[in-house]
Structure formats: C-alpha cells, structure tokens
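All values derive from a computational prediction rather than experimental measurement. Residue numbers count from 1 along this sequence.
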Amino acid sequence: MDVTLHLAQDPEADELLGRSPLAALVGMLLDQQVPMEWAFKGPHTIADRLGATDLDAHDIAARDPEAFAALLSEKPAVHRYPGSMAKRIQQLCQYLVEHYDGDASAVWAGVGTGAELLRRLEALPGFGRQKAQIFLALLGKQLGVTPKGWREAAGAYGEPKSYRSVADITGPESLTKVRAHKQEMKAAAKAAKAAGGK
C-alpha cells in the first residue's frame, strides 16, 4: 500500500493513511459522529503522540487502557468521544493481533472474493455492515484491492463515481460532492421521520 489519499485533507495525515493499512482501518473506525477530516486525521495524531511514524497493532493492543484513553483525550482530542474510541481502537488492534498477527493488510491480502473480504471486514470490532462496505469500496477504488465481486459486495458504495462515501474522495471537488450526498440523505431521513410521526 503506497498511494496518496485525500481523506484528512492534511498532507502528513493523508500520507500515513496511504502507506499504513492499520492507519486506514483506524481512520475508518473513527469516522462516525465527527467530521470526516477529523476522523481520518486521528491516526496521524495518535502516531505523533506515541512518538512513532506509524501505528503498531501489538503496541496499541498492549497499552494500559486508561493511559491510551488519556492520550486520545489530550487537546485537541482525537474524537468527540475519545474514551470510547480509545477502547474501540484497542479492541480492533487486539483482534488484529489475535487473528492476523497484528498485520492489518492481512485482512485483505490474498482474499479470493469480495464477499469473503466483506465477511472479514464485518468481523472487525467496530465495523458494522455499512462501515465494512465503505471500507471495501475504498480498498477497491483507491487502494488497488479488487477481488472478484468486490463492487457487488460493497453495494451502492462500490458503484463507479457514486460520491456516497469516503471511498470516492480524491480531492476537494469530490469531497464537496460526497458532503452534498450526505446532506441529501440526512434531509430525506428527517422528512421520512416527520411524515411517519403524523
């Protein structure tokens, strides 16, 4: 993995995401209830605070949970909910150590089909179906991981130029399109809820 991503909209943070499978997974894990750029900047902030140039699953999994939570809580906090996210990141790293010897890229290396890859991603702590499909689409569209049937397994997120998720963000213009799509989805959900409440 060595590509240029544009998810954090910050050159150093994006460089880490493009070369570090674990950083990309952690960024995806953090991508909820905060702006996307904030989430994907998180792995670089964590690495910085650990005095490292990359994230190490063995190291993070073995850290004292309270100390790791404090590290994420330092200002500026890595996430709106740094304590619970610290716990989730450690659970993810512990799972990777247990099942993949700490190598995040082993989750997708040599995987035969998109369906199998989706199953592996869904098994990761903190990854539900939607998050797993978005990450699968990111792997296929930007990171060159394209097992047979990956687009189908990623669902709507796998469609070319769909601008539904981080998988389609390659710069400021596509970021604007994804933001617009998310706003439309929120407005539609709000309208549906209002209509159902009458």
Side-chain angles (χ1 to χ4, degrees), residues 1-10 13-44 55 57 79 85 88-89 92 95-96 99-100 103-189:
M1 222 171 100
D2 195 10
V3 297
T4 303
L5 293 177
H6 300 277
L7 306 180
Q9 303 290 305
D10 171 285
D14 281 328
E15 186 272 332
L16 176 62
L17 294 169
R19 70 175 159 82
S20 169
L22 180 56
L25 273 179
V26 169
M28 191 73 227
L29 182 67
L30 290 169
D31 188 21
Q32 58 191 47
Q33 297 176 303
V34 294
M36 181 203 71
E37 299 94 320
W38 184 5
F40 282 97
K41 201 172 182 175
H44 185 261
L55 300 181
H79 193 275
M85 281 306 183
R88 285 189 179 183
I89 291 168
L92 173 65
Y95 183 90
L96 291 171
H99 298 269
Y100 297 101
D103 179 5
S105 68
V107 175
W108 53 86
V111 74
T113 65
E116 183 188 343
L117 179 51
L118 182 62
R119 274 195 303 276
R120 286 185 181 193
L121 290 169
E122 281 185 294
L124 297 174
F127 277 67
R129 171 156 281 244
Q130 184 183 31
K131 198 176 278 288
Q133 285 187 312
I134 291 170
F135 194 77
L136 198 162
L138 178 66
L139 286 170
K141 290 179 175 183
Q142 297 199 47
L143 299 172
V145 179
T146 54
K148 189 174 181 230
W150 72 269
R151 283 193 190 275
E152 293 76 6
Y157 302 108
E159 294 168 10
K161 297 189 185 341
S162 59
Y163 300 108
R164 291 173 191 272
S165 72
V166 298
D168 296 293
I169 295 172
T170 54
E173 192 183 324
S174 48
L175 172 62
T176 304
K177 288 181 183 177
V178 170
R179 279 242 156 80
H181 174 77
K182 288 190 173 191
Q183 291 303 325
E184 282 169 33
M185 298 308 287
K186 272 186 187 165

A.B. asks: Specify whether Tyr100 and Tyr95 have parallel, tilted or perpendicular ring planes, treating 30° as the upper limit for parallel and 60° as the lower limit for perpendicular.
C.D. replies: tilted
A.B. asks: Is the CZ atom of Arg88 crowded by more than 12 outside heavy atoms at less than 6.0 Å?
C.D. replies: no
A.B. asks: Apply side chain to side chain contact (heavy atoms under 4.5 Å, CB included) to the pair Phe40 and Gln9, showing each step before the final yes or no.
C.D. replies: CA-CA 9 Å; Phe40 282 97; Gln9 303 290 305; over 6 Å; no
A.B. asks: Heavy atoms only: give me the nearest Leu117-Pro147 pair and the separation to one decimal.
C.D. replies: CD2-CG, 4.1 Å
A.B. asks: Evaluate the criterion side chain to side chain contact (heavy atoms under 4.5 Å, CB included) for residue pair Leu124 and Leu96; output intermediate values, then yes/no.
C.D. replies: CA-CA 8 Å; Leu124 297 174; Leu96 291 171; 4.1 Å; yes
A.B. asks: Taking the basic N atoms (NZ, or NE/NH1/NH2) and the acidic carboxylate oxygens, is any pair closer than 4.0 Å for Glu159 and Arg151?
C.D. replies: no
A.B. asks: Do Leu30 and Val26 make a side-chain contact, defined as non-hydrogen atoms from C-beta onward lying under 4.5 Å apart?
C.D. replies: yes
A.B. asks: Looking at Lys41, I want to see if its NZ is surrounded by more than 12 non-hydrogen atoms of other residues, nucleotides or ligands under 6.0 Å.
C.D. replies: no
A.B. asks: So which heavy atom on His6 is nearest to which on Asp14, and how close?
C.D. replies: CA-OD2, 3.4 Å
A.B. asks: Check Ile134, Val178, Leu175, Leu5 against Val166 for a side-chain contact (heavy atoms from CB on, under 4.5 Å) and give me the one that passes.
C.D. replies: Ile134
A.B. asks: What are the two closest heavy atoms between Asp10 and Ala13, and how far apart are they?
C.D. replies: OD1-N, 2.9 Å
A.B. asks: Do the side chains of Lys141 and Trp150 get nearer than 4.5 Å, heavy atoms only?
C.D. replies: yes
